[in-house]
Amino acid sequence: MAAAIAVPSAMATRVHRAPTSGHSKTTTKHPSTTTQSHKTHGQQAIDSQRVTAIQQALIREHYLSGEPSAKWDGDTQAAMTKFQADQGWQTKITPDSRALIKLGLGPNHSGAINPEASSSFNLLSSPAATAPTSTQGFVAASGVSH
């Protein structure tokens, strides 16, 4: 019995395996960043015509005074931030898309195939309007009549 117990401990040796994580001890040199050009992505500035339209809307809503300057300056940004805060929206990114829509500067769907329907893309019908139809459908599907 003692021999049977001693055998497994003698056979239990640690097997060394190569690392599988992909890490190696060698270092790689990265090319210098000065030789590569950095490409910026996304919109970098607001078009002056768009700024003018935003300023006109902020003036109309009494968040900005004076004449539109077509420049996204500190006064314009402060007015937009206040407008967004008054609506209960985030103020870190201006202009917020909800603010533009509320100011009447939302997307232009006039070139769409069906521009008259584009204003209702995101509108949900009220539950009261769908409830009777859904109920009637469930009653009809169940086969139970009243």
Side-chain angles (χ1 to χ4, degrees), residues 5 8-146:
I5 295 174
S9 64
M11 297 175 83
T13 60
R14 179 174 163 94
V15 177
H16 181 73
R17 295 190 177 127
T20 58
S21 66
H23 296 287
S24 64
K25 301 287 182 190
T26 61
T27 60
T28 59
K29 291 187 176 184
H30 296 286
S32 173
T33 56
T34 58
T35 60
Q36 296 177 356
S37 64
H38 179 71
K39 183 176 181 182
T40 55
H41 297 282
Q43 182 177 349
Q44 301 304 308
I46 302 174
D47 180 60
S48 63
Q49 290 178 341
R50 185 69 164 163
V51 172
T52 301
I54 293 169
Q55 288 173 334
Q56 288 170 342
L58 288 170
I59 291 167
R60 181 185 71 236
E61 298 297 322
H62 306 289
Y63 282 89
L64 190 63
S65 60
E67 293 294 318
S69 66
K71 293 183 178 129
W72 189 255
D73 55 11
D75 290 340
T76 305
Q77 192 160 2
M80 181 58 82
T81 300
K82 175 140 178 47
F83 179 77
Q84 289 178 198
D86 288 352
Q87 307 304 315
W89 300 328
Q90 62 83 23
T91 57
K92 289 184 178 183
I93 300 172
T94 56
D96 185 274
S97 60
R98 295 171 294 185
L100 294 174
I101 292 168
K102 180 106 181 186
L103 289 169
L105 303 171
N108 181 2
H109 297 289
S110 62
I113 294 173
N114 53 352
E116 65 282 346
S118 63
S119 62
S120 62
F121 282 147
N122 294 324
L123 299 178
L124 299 175
S125 58
S126 67
T130 58
T133 308
S134 299
T135 306
Q136 292 168 356
F138 288 128
V139 170
S142 68
V144 178
S145 62
H146 292 279

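Here, residue 1 is the first one in the sequence, and each next residue gets the next number. Keep in mind that this is a model prediction, so the values were computed, not measured.
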Nearest heavy-atom neighbours spanning I101 and P107 =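 Looks like CG1-CD, 4.2 Å.
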Show the atom names and distances, to 0.1 Å, of all donor-acceptor pairs under 3.5 Å that link a side chain in residues 70-80 to residues at least two apart or in another chain.
residue, atom, partner, partner atom, Å
D73, OD1, T76, N, 2.9
D73, OD1, T76, OG1, 2.6
T76, OG1, Q55, NE2, 2.8
Q77, NE2, T94, OG1, 3.4

D86: partners by salt bridge (Lys or Arg N to Asp or Glu O under 4.0 Å), with sequence neighbours left out =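 Partners of D86 by the salt bridge (Lys or Arg N to Asp or Glu O under 4.0 Å) criterion, ordered by chain and then number, come out as K82.
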Out of curiosity, I54 CD1 to L103 CG, how far, rounded to the nearest 0.5 Å?
->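 With rounding to 0.5 Å, CD1 (I54) is 8.0 Å from CG (L103).
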Take atom CD1 in I93; do more than 12 heavy atoms of anything else shown fall under 6.0 Å from it?
->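 At most 12 heavy atoms, drawn from other residues, nucleotides or ligands, come within 6.0 Å of this atom.
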Is there side-chain contact between L105 and P95, with at least one heavy-atom pair below 4.5 Å?
-> no
Sequence neighbours left out, what passes side chain to side chain donor-acceptor pair (under 3.5 Å) with R60? Give chain and number order.
-> none
Mind checking side chain to side chain donor-acceptor pair (under 3.5 Å) for Q90 and listing every partner two or more places apart, or none if nothing turns up?
->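 For Q90, the residues satisfying side chain to side chain donor-acceptor pair (under 3.5 Å) (neighbours in sequence not counted) are D96.
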For [X], what residues pass the side chain to side chain contact (heavy atoms under 4.5 Å, CB included) criterion, not counting sequence neighbours?
X   : answer
Q56 : T52, P68
Q87 : Y63, F83, W89, K102
S97 : none
S65 : none

